[in-house]
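Heads up, the thing below is written out as structure tokens.
It should be emphasised that the depicted structure is a prediction, and the values quoted were computed from it without experimental measurement.
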Amino acid sequence: MTQQIAVIPGDGIGPEVVSATRTALDAVARSHGLDLAYDTFDWSCRRHLEQGAMMPADGLDLLRPYDAILLGAVGWPGVPDHVSLWGLLIPIRRTFRQYVNLRPVAVLDGVDSPLRDVRAGDVDLVVVRENVEGEYSEIGGRLNRGFPDEMAVQESVFTRAGVTRVVDYAFELARARSGYLTSATKSNGIVHTLPFWDEVVAERAERFGDVRWDAEHIDALAAKLVLEPGRFDVIVGSNLFGDILSDLAAAVAGSIGVAPSANLDPTRTFPSMFEPVHGSAPDIAGRGVADPVGALWSAAMMLDHLGHEEAGADLLAAVRSTVRSPATRTPDLGGTARTTEVADAVAAVVSR
């Protein structure tokens with residue numbers, strides 16, 4: 001059965017890492033007999049500058065029938081970040097109920113962590129980020145613009161249904177891994193939403209008696225991720241906390257360029273979206289040196305989500321094998337390879 005993939009290369013290095021990922025995906029598909037078909041949508045900041053919108057008015061309807069969405073990166077100078085994100089990425093996440101943002105983090109063999117005592121294999125964790133509500137709500141506004149008493153109000157929204165479903169997902173994931181979960185909170189300083197979060201986590205934990213869990217205040221947790229990153233396995237947090245922690249953890253692993261993510265609708269009612277964590281990196285766009293590992297790892301997660309677990313595992317194994325050598329690592333990881341050379345090396349491994 002043909003599976004249809006919507007491809008949104010986006011801005012900056014997005015088209016470069018997506019092209020590299022397609023090279024590897026084509027090799028995996030041939031090796032495993034998969035039938036993957038792609039349609040490319042040129043939705044980007046360039047489109048916003050030319051046509052006044054990141055995507056057409058019926059863009060979400062166009063994406064709805066696809067089995068998955070592969071995204072490169074969003075953002076470019078001249079288009080404010082809140083315009084680019086709220087014009088493309090966030091509407092996709094929310095319309096398609098992609099309430100889990102899954103971000104694995106690992107120190108790969110050949111990639112040096114900035115932490116002096118951390119080696120490959122020492123860090124292997126997953127951040128489960130609530131992806132559609134929390135601190136990133138649309139409720140709020142600005143008042144008295146331009147006057148001395150100008151003000152801005154931003155409301156956080158935590159619903160029982162929203163917290164329950166992402167916490168349950170995290171507990172199930174922890175059960176399938178090492179059986180240990182950490183909940184990120186700040187209930188000692190945020191008086192309503194985070195005590196509510198803690199209450200729901202404790203309630204749901206009773207259903208997962210075989211999973212050991214604890215709660216950490218976000219400031220202390222950020223410090224512990226640097227001081228003892230190997231302690232953690234599954235971390236679940238709100239939209240804001242999960243966003244920050246996953247970027248911090250990626251830096252601990254050596255580079256945000258190798259960090260993948262999946263925006264999941266676990267019910268599979270809507271298409272899920274897969275994207276590297278890194279941004280569009282305008283400073284290196286077009287130079288052919290962008291690190292494709294985050295995008296390749298995201299594609300491996302996409303294959304797994306589509307039911308091709310063996311193909312996804314082979315792709316990720318090929319990525320891990322390739323980054324061991326400086327000759328097949330990009331300059332951000334101390335290597336000498338170009339983006340296309342990394343993709344070709346990964347494709348060669350999966351073809352063997």
Side-chain angles (χ1 to χ4, degrees), residues 90 93-105 124-139 155-222 224-225 229 231-250 259-270 272-274 277 301 304-305:
I90 293 179
R93 287 174 172 172
R94 297 191 172 183
T95 299
F96 296 146
R97 308 300 291 266
Q98 296 168 352
Y99 63 84
V100 169
N101 187 254
L102 195 63
R103 297 189 173 189
V105 177
D124 183 4
L125 61 89
V126 181
V127 176
V128 179
R129 168 191 176 189
E130 199 289 316
N131 207 34
V132 297
E133 53 178 49
E135 301 88 350
Y136 294 3
S137 83
E138 299 175 70
I139 300 173
E155 300 287 353
S156 295
V157 175
F158 287 71
T159 67
R160 179 168 291 276
V163 177
T164 295
R165 64 192 181 186
V166 74
V167 167
D168 280 358
Y169 184 94
F171 270 112
E172 291 282 6
L173 181 61
R175 171 182 281 167
R177 288 170 56 93
S178 73
Y180 174 48
L181 178 138
T182 303
S183 171
T185 184
K186 189 57 181 169
S187 51
N188 61 342
I190 300 176
V191 68
H192 297 303
T193 55
L194 273 304
F196 174 68
W197 171 280
D198 290 350
E199 291 167 13
V200 175
V201 172
E203 290 172 8
R204 304 312 295 175
E206 295 180 1
R207 298 171 176 260
F208 297 89
D210 55 334
V211 176
R212 179 171 60 93
W213 73 280
D214 54 29
E216 294 275 2
H217 290 137
I218 185 66
D219 41 358
L221 180 54
K224 290 175 182 178
L225 260 179
R231 163 188 161 184
F232 299 98
D233 186 48
V234 175
I235 301 174
V236 62
S238 68
N239 212 329
L240 177 62
F241 291 175
D243 196 3
I244 294 171
L245 286 173
S246 54
D247 281 17
L248 173 62
S261 75
N263 302 274
L264 300 176
D265 167 23
T267 72
R268 301 176 184 268
T269 304
F270 301 104
S272 292
M273 178 167 62
F274 302 83
V277 171
M301 296 172 72
D304 187 71
H305 178 75

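The side-chain heavy atoms of Arg129 and Asn239, taken from C-beta on, include a pair separated by under 4.5 Å. Glu130 is not listed as a side-chain neighbour of Val163, based on a closest heavy-atom distance of 4.5 Å or more. Between Arg103 and Asp247, the closest side-chain pair of non-hydrogen atoms falls below 4.5 Å. Counting only heavy atoms from C-beta outward, the side chains of Ile235 and Leu221 approach each other to under 4.5 Å. Inter-residue side-chain proximity for Leu102 and Leu173 is flagged as met; some heavy-atom pair is nearer than 4.5 Å. The closest side-chain heavy-atom distance from Arg175 to Phe208 is below 4.5 Å. Contact check for Arg165 versus Tyr99: side-chain heavy atoms found under the 4.5 Å cut-off. Under the 4.5 Å side-chain criterion, counting only non-hydrogen atoms from C-beta, Ser187 is in contact with His217.
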Could you walk me through whether Arg93 and Asn101 pass side-chain contact (heavy atoms from CB on, under 4.5 Å), step by step?
CA-CA 9 Å; Arg93 287 174 172 172; Asn101 187 254; 4.1 Å; yes
Hey, mind stepping through Asp265 and Ser272 against side chain to side chain donor-acceptor pair (under 3.5 Å) and telling me if it holds?
CA-CA 6 Å; Asp265 167 23; Ser272 292; 5.9 Å; no
If you apply the rule side-chain contact (heavy atoms from CB on, under 4.5 Å), what do you find for Ile244 with Ile218, and how did you get there?
CA-CA 10 Å; Ile244 294 171; Ile218 185 66; 5.9 Å; no
Carefully, step by step, assess Phe171 and Val236 under the rule side-chain contact (heavy atoms from CB on, under 4.5 Å).
CA-CA 9 Å; Phe171 270 112; Val236 62; over 6 Å; no
Between Phe158 and Thr193, does the side-chain contact (heavy atoms from CB on, under 4.5 Å) criterion hold? Intermediate values first, please.
CA-CA 6 Å; Phe158 287 71; Thr193 55; 3.5 Å; yes
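Pro260 approaches Met301 most closely through the heavy-atom pair CB-SD, 3.8 Å. Between Val105 and Ser246, the shortest heavy-atom contact is CG2-O, 4.5 Å. Scanning all heavy atoms of the two residues, the minimum distance from Phe241 to Lys186 falls at CZ-CB, 3.8 Å. The two residues Gly237 and Trp197 make their nearest non-hydrogen contact at C-CH2, 3.5 Å. Across all non-hydrogen atoms, the minimal contact from Val277 to Ser261 is CG2-CB, 3.9 Å. Gly179 and Asp233 make their closest contact through N-OD2, 4.5 Å (heavy atoms, listed as atom of the first residue, atom of the second, distance).
With values rounded to the nearest 0.5 angstrom, Asn188 atom CG is found 9.0 Å from Leu194 atom CG. Here the CG atom belonging to Asp243 is positioned 11.5 Å from the CG atom belonging to Leu248, to the nearest 0.5 angstrom. Rounded to the nearest 0.5 angstrom, Glu155 CD and Ile139 CD1 are separated by 7.0 Å. In this structure, Leu245 CG and Leu225 CG are separated by 6.0 Å, a value rounded to the nearest 0.5 Å. To the nearest 0.5 Å, atoms CD1 (Ile190) and OG (Ser156) are separated by 7.0 Å. Atom OG1 in Thr182 sits 6.0 Å away from atom CZ in Arg231 (nearest 0.5 Å).
Residue-environment remark: CZ (Arg97) stays at or below the threshold of 12 foreign heavy atoms within 6.0 Å.
Tyr180 and Phe232 have parallel rings, their planes meeting at less than 30° on a 0 to 90° scale where 60° marks the start of perpendicular. Using cut-offs of 30° and 60° on the angle between ring planes, the pair His305 and Phe274 is tilted.
A salt bridge links Arg177 with Asp124: at least one charged nitrogen is closer than 4.0 Å to a carboxylate oxygen.
Side-chain atoms of Ser238 never come within 3.5 Å of backbone atoms of Gly134 as a donor-acceptor pair (strictly under, hydrogens ignored). Under a 3.5 Å cut-off, the side chain of Arg94 and the backbone N or O of Val132 do form a donor-acceptor pair.
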